[in-house]
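A short worksheet on the structure shown next.
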Protein chains: 2
Amino acid sequence: MPRPRKRDYETLRRELIDAGGRLLAEEGPAALSTRRVAQATGTSTTAVYNLFGDKAGLVREMFLEGFDRLTAAFAAVPRTGDPAADLLALGDAYRANARDNPHLYELMFGRPVPEFRPDAEAGRRIQPTFDALIAACARCVEAGAFAPAEPYAIAVQLNAMAHGLASLELRGALGDVEEADAHWKRAYASLFKGLA
Amino acid sequence: MPRPRKRDYETLRRELIDAGGRLLAEEGPAALSTRRVAQATGTSTTAVYNLFGDKAGLVREMFLEGFDRLTAAFAAVPRTGDPAADLLALGDAYRANARDNPHLYELMFGRPVPEFRPDAEAGRRIQPTFDALIAACARCVEAGAFAPAEPYAIAVQLNAMAHGLASLELRGALGDVEEADAHWKRAYASLFKGLA
DNA sequence: GTGGTTACATAACAGTGTTACTAAACCAAG
DNA sequence: CTTGGTTTAGTAACACTGTTATGTAACCAC
């Protein structure tokens, strides 16, 4: 007869992920030690290994959650009668996500945690985020805002531009907020013109 | 009368930076421990602290060297009578640099080494790389290939696009080489059209 | 009480960046 | 020659890391 569990595993798992998210947001990736995460949830590091396999498993969940949030932010963008404006709004949502969660953004698109590297399965799991962008591009093509082209190919361009701009902005390379605003506006205008 | 030095400091400094570069290229950022770098140069970790202040100081030199190389790659791009083609060639050089040195690229544009974060001085030191891009954009404006606009503002767009594409490509998100070629080609075509 | 099982925390291990410490190597002065 | 002073260099020590090993706890069945 096994020893009873002190805590519900689902709840503990949730708390560990949340604790990791808080530490990451407040202090950056260097704060993500198994000891600190475990301590923040009143348990021991063994829980990380039992519930996630290892530290990378925990960080993987945080990575996936970052994309879930981005997907949700995209889904929250209202669908108007103007597909081009909707696509711009997606870009705004992407930028806001990066600015509001710089450390999580780096975790999603960079390699700040040495132990973690996304696997192919994780890549598949984040596809919905990109799919939302592809769908928005398809609507622009259908509405005639963009010249006929494969929505996927267009989405790559938009994705690259947004990621490049967000990365530059997070590094402080785009100047103050107003200057950064202007850069985003110009870049999207150029690219939209080029895609028309 | 001080004890004589066993090694010339300039030479040792150079060797430590080179050793770091080799370890980074061959095994990635996780191999960049002070002990391994010191061992590879037949000295002890104290040398890292004496010559660079700390590990971050060594990594900072590698970061700067990465940009020196990129600047050199840009300088090696021949200046033709076609400024737009020259700008494309700069993009190719940027991409080649990223593909040939993926770990160094991540060090230059990401945060793979937790101890190191570029300071403002480092930011100034890498300005020449960006200046080359700005100059190439200026030539496109002067030649009428691009509509009149601040070369700096154009350079930001090109930089963002190139960085986004390179990052996606290094992550395996652009498919095989031919597919990636096509994505780069399309993205630059769209942006150039938009800037015309 | 013993055995078996799961659950959990702690100890132990090997590695990390960094600082502290000790010895080495040399010349000057007495 | 000895002592003192200085720089140089390597190693020891420290606190931290991810991870595995270990020991104890908690429960029921026999």
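Remember, predicted model here, so these are calculated numbers, not experimental data. Order of the sequence lines sets the chain letters (A, B, ...), proteins ahead of strands, with each chain counted from 1.
Legend: residues meeting side chain to side chain contact (heavy atoms under 4.5 Å, CB included) with Arg22(A), ordered by chain and number and at least two apart, are Asp18(A), Ala19(A), Glu26(A). For the side chain to side chain contact (heavy atoms under 4.5 Å, CB included) test, residues two or more places apart in sequence or in another chain that qualify with Arg35(B) are Ser33(B), Thr45(B).
Classified by interplanar angle (parallel below 30°, tilted 30° to 60°, perpendicular above 60°), the ring pair Tyr94(A)/Tyr105(A) is perpendicular. Ring geometry, Phe67(B) versus Phe109(B): the interplanar angle exceeds 60°, so the pair is classed perpendicular (tilted spans 30 to 60°).
Proximity of a side-chain donor or acceptor of Asn101(A) to a complementary backbone N or O of Leu104(A) within less than 3.5 Å is not detected. Looking at Lys55(A), its side chain never comes within 3.5 Å of a backbone N or O of Val113(A) through a donor-acceptor pair.
With values rounded to the nearest 0.5 angstrom, Lys193(A) atom NZ is found 12.5 Å from Leu195(A) atom CG.
A donor-acceptor contact closer than 3.5 angstrom links the side chains of Ser190(A) and Gln157(B).
One end of the helix from dG1(C)-dC30(D) to dG30(C)-dC1(D) points its axis 60° away from the other end's axis, with each axis taken from 5 pairs and the angle rounded to 10°.
Contact check of residues 10-17 of chain A against DNA chain C (heavy atom, cut-off under 4.0 Å) returns no residues at all. Contacts between residues 31-61 of chain A and DNA chain D, defined by a heavy-atom separation below 4.0 Å, involve Leu32(A), Ser33(A), Thr34(A), Arg35(A), Thr45(A), Tyr49(A), Asp54(A), Lys55(A), listed by number.
The distance from atom NZ of Lys6(A) to atom P of dA25(D) is 12 Å, rounded to the nearest whole Å. The distance from atom CG of Leu23(A) to atom P of dT17(D) is 11 Å, rounded to the nearest whole Å. Nucleotide dA15(D) holds its P atom 19 Å from the CD atom of Glu115(B), rounded to whole Å.
Remark: of the listed residues Leu16(A), Leu58(A), Val48(A), Asp54(A), Val48(A) is the sole one forming a side-chain contact (heavy atoms from CB on, under 4.5 Å) with Thr34(A).
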Anything under 3.5 Å between a protein N or O and an N or O of nucleotides 26-30 of chain D, put it in a table, one pair a line.
| unit_1 | atom_1 | unit_2 | atom_2 | d |
| --- | --- | --- | --- | --- |
| dC27(D) | O2 | Met1(A) | O | 2.0 |

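Salt bridge present: Arg60(B) and Asp119(B) bring a charged side-chain N and a carboxylate O closer than 4.0 Å.
Side-chain rings of His183(B) and Tyr188(B) stay apart, their centers remaining 6.0 Å or farther from each other.
If you check every strand for non-hydrogen atoms under 4.0 Å, Tyr9(A) touches sugar and phosphate atoms only.
In this structure, Arg5(B) satisfies the cation-pi test against Tyr9(B), with its NZ or CZ atom closer than 6.0 Å to the six-membered ring centre and inside 45 degrees of the ring normal.
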TODO: Carefully, step by step, assess Asp181(A) and Arg186(A) under the rule salt bridge (Lys or Arg N to Asp or Glu O under 4.0 Å).
DONE: CA-CA 9 Å; Asp181(A) 285 348; Arg186(A) 275 194 292 257; over 6 Å; no
